[in-house]
Enquirer: 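Please read through the structure below; I'll follow up with questions.
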Amino acid sequence: MAVTKADLADTLFQQLGLNKREAKEFVELFFEHVREALETGQAVKLSGFGNFGLRLKNSRPGRNPKTGEEIPISARRVVTFRASQKLKQRVETNTDDLRERLDGDGR
Amino acid sequence: MTKSDLIEKLAADQPQLVYKDVELAVKGLLERMSDALVDGERIEVRGFGSFSLHHRPSRIGRNPKTGAAVQVPDKYVPHFKPGKELRERVDDGKSDPGSS
């Protein structure tokens, strides 16, 4: 089961006693500020969790995988994420458990 | 934008919350998300994106100093896939000079 905005709001309700409406709004605003920063070209650094950055990609030739038709992929700006050393370390330390739980196939 | 900048912005949005609570809320959200990934749970935030783990199989690496072959064990790494709204907004804003 994936963690959703509702689960995150529930965490704020339970841990901090924000009321449900406040908690929901807080979660929404949290992600909106991150989107806004990225939209305006700013990287977002959340220490202990990870960094969101931006990358410019040149246009390149692409193909419709179904029809084989060639379509150019335009130049674009994309978001990248690098997990913090701390988060990567914590995940790596849990490898044995994860392997069992995820059956070796990630996600 | 750093974590403290984000806390400032949220505190300005939410004047009914005391600053300390905004700080705890931001830390609480990041902790909840980190814990989920460490436990192998996906995170799906509509309009923003999803976080999951990708598996890196074990491989033969080399000690760069001695050149000796070593078995590098498999591992999991956090991965983020931007959602549609984030992808579109970031790309539309690209006239801004900023990058990373």
Side-chain angles (χ1 to χ4, degrees), chain A residues 1-5 7-8 11-12 15-16 18 22-23 25-27 29-31 33-50 52-56 75-81 83-84 86-88 90-95 97-99 101-102 104-107, chain B residues 1-3 5-6 9-10 13-14 16-17 21-22 24-34 36-57 73-82 85-87 89-94 96-100:
Chain A
M1 271 309 292
V3 172
T4 62
K5 279 191 273 200
D7 297 314
L8 294 173
T11 302
L12 297 181
Q15 287 186 358
L16 289 163
L18 301 198
E22 277 175 335
E25 193 180 321
F26 193 95
V27 170
L29 286 167
F30 174 92
F31 290 108
H33 282 301
V34 177
R35 275 192 298 252
E36 241 168 58
L38 292 168
E39 186 178 20
T40 56
Q42 272 183 285
V44 178
K45 302 186 177 195
L46 303 174
S47 67
F49 183 71
F52 295 91
L54 294 161
R55 223 158 140 161
L56 292 167
R76 58 194 62 201
R77 188 166 72 172
V78 298
V79 176
T80 60
F81 175 71
S84 70
K86 181 179 162 199
L87 178 55
K88 283 197 276 197
R90 282 185 65 199
V91 169
E92 216 174 311
T93 305
N94 204 26
T95 301
D97 187 32
L98 288 168
R99 205 184 289 121
R101 203 176 299 195
L102 302 175
D105 68 355
R107 58 205 60 235
Chain B
M1 180 169 84
T2 62
K3 201 194 296 182
D5 298 330
L6 178 57
K9 283 177 189 287
L10 287 162
D13 287 340
Q14 308 278 80
Q16 82 284 8
L17 297 180
D21 279 350
V22 174
L24 288 173
V26 167
K27 290 181 177 160
L29 290 180
L30 293 172
E31 219 161 276
R32 176 75 180 86
M33 293 199 286
S34 299
L37 287 169
V38 172
D39 287 341
E41 272 184 293
R42 285 174 64 84
I43 305 164
E44 290 179 2
V45 180
R46 200 169 321 144
F48 185 76
S50 59
F51 298 88
S52 61
L53 297 181
H54 279 186
H55 187 238
R56 296 270 178 272
D74 70 321
K75 64 173 177 179
Y76 290 88
V77 292
H79 177 79
F80 174 67
K81 183 171 190 287
E85 185 191 339
L86 179 59
R87 267 200 325 265
R89 282 175 58 180
V90 161
D91 194 33
D92 288 347
K94 78 166 171 272
D96 287 300
S99 127
S100 64

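We name chains A, B, ... by the order of the sequence lines, and we start the count at 1 in each one.
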Enquirer: Taking side chain as C-beta onward, heavy atoms only, is T95(A) less than 4.5 Å from P73(B)?
Expert: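 Sidechains of P73(B) and T95(A): no contact.
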Enquirer: Flag the pair H33(A) / L10(B) as yes when at least one side-chain heavy-atom distance between them is below 4.5 Å, and no otherwise.
Expert: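 Sidechains of L10(B) and H33(A): in contact.
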Enquirer: Side chain, backbone, both or neither: which part of N94(A) has an atom under 4.5 Å from a heavy atom of chain B?
Expert: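 It is the side chain, since no backbone atom gets that close.
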Enquirer: D74(B) versus chain A, heavy atoms under 4.5 Å apart: side chain, backbone, both or neither?
Expert: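 Both backbone and side chain.
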Enquirer: So which pairs with a foot in residues 44-55 of chain B pass salt bridge (charged side-chain N to carboxylate O under 4.0 Å, His left out), sequence neighbours left out?
Expert: R42(B)-E44(B)
Enquirer: Measure distances from A2(A) to the heavy atoms of chain B and classify the residue's part below 4.5 Å as side chain, backbone, both or neither.
Expert: both
Enquirer: Considering only heavy atoms and a distance below 4.5 Å, find which of K81(B), R87(B), E85(B) pairs most often with chain A.
Expert: E85(B)
Enquirer: Considering only heavy atoms, which portion of L6(B) lies under 4.5 Å from any heavy atom of chain A: side chain, backbone, both, or neither?
Expert: side chain
Enquirer: Only pairs of heavy atoms separated by less than 4.5 Å count here; which of V26(B), D21(B), D5(B) has the most with chain A?
Expert: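 The residue among V26(B), D21(B), D5(B) with the greatest pair count is V26(B).
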Enquirer: Determine whether V45(B) and V3(A) satisfy the following criterion, side-chain contact (heavy atoms from CB on, under 4.5 Å), listing intermediate values before the conclusion.
Expert: CA-CA 8 Å; V45(B) 180; V3(A) 172; over 6 Å; no
Enquirer: Give a yes or no answer on whether the side chain of D91(B) reaches the backbone of R76(A) with a donor-acceptor pair at less than 3.5 Å.
Expert: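 No, D91(B) side chain to R76(A) backbone: no donor-acceptor pair under 3.5 Å.
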Enquirer: Give the minimum heavy-atom separation between E22(A) and Q14(B), together with the two atoms involved.
Expert: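 Shortest heavy-atom separation between E22(A) and Q14(B) comes out as O-NE2, 4.2 Å.
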Enquirer: Below 30° counts as parallel, above 60° as perpendicular, anything between as tilted: where do the rings of F31(A) and F48(B) land?
Expert: tilted
Enquirer: Below 4.5 Å, heavy-atom pairs only: which of H79(B), M33(B), K27(B) has the largest tally toward chain A?
Expert: M33(B)
Enquirer: Do L87(A) and V38(B) have side chains that get closer than 4.5 Å, going by heavy atoms?
Expert: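 Result yes, sub-4.5 Å side-chain heavy-atom pair found.
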Enquirer: Before you tell me yes or no, could you show the steps for F26(A) and D13(B) under side-chain contact (heavy atoms from CB on, under 4.5 Å), namely the whole-Å CA-CA distance, both residues' side-chain angles and the distance that decides it to 0.1 Å?
Expert: CA-CA 9 Å; F26(A) 193 95; D13(B) 287 340; over 6 Å; no
Enquirer: Is a side-chain donor or acceptor of R35(A) paired with a backbone partner of G47(B) at a separation under 3.5 angstrom?
Expert: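 Indeed, once roles are kept as given, a pair shorter than 3.5 Å links the two residues.
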Enquirer: If I measure from the heavy atoms of chain A, does E31(B) come under 4.5 Å with its side chain, its backbone, both, or neither?
Expert: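 It is neither, since no heavy atom gets under 4.5 Å.
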Enquirer: At a 4.5 Å cut-off on heavy atoms, which part of L12(A) comes close to chain B: side chain, backbone, both, or neither?
Expert: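 For L12(A), side-chain heavy atoms alone lie under 4.5 Å from chain B.
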Enquirer: Does any heavy atom of chain B fall under 4.5 Å from the side chain of L16(A), the backbone, both, or neither of them?
Expert: side chain
Enquirer: Answer yes or no: are there more than 12 heavy-atom neighbours, outside K75(B) itself, under 6.0 Å from its atom NZ?
Expert: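 Atom NZ in K75(B) is not crowded, with 12 or fewer foreign heavy atoms closer than 6.0 Å.
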Enquirer: Is T4(A) in contact with chain B via its backbone, its side chain, both, or neither, using a 4.5 Å heavy-atom distance?
Expert: both
Enquirer: Using the test salt bridge (charged side-chain N to carboxylate O under 4.0 Å, His left out), find all partners of D39(B) that sit at least two apart in sequence or belong to another chain.
Expert: none
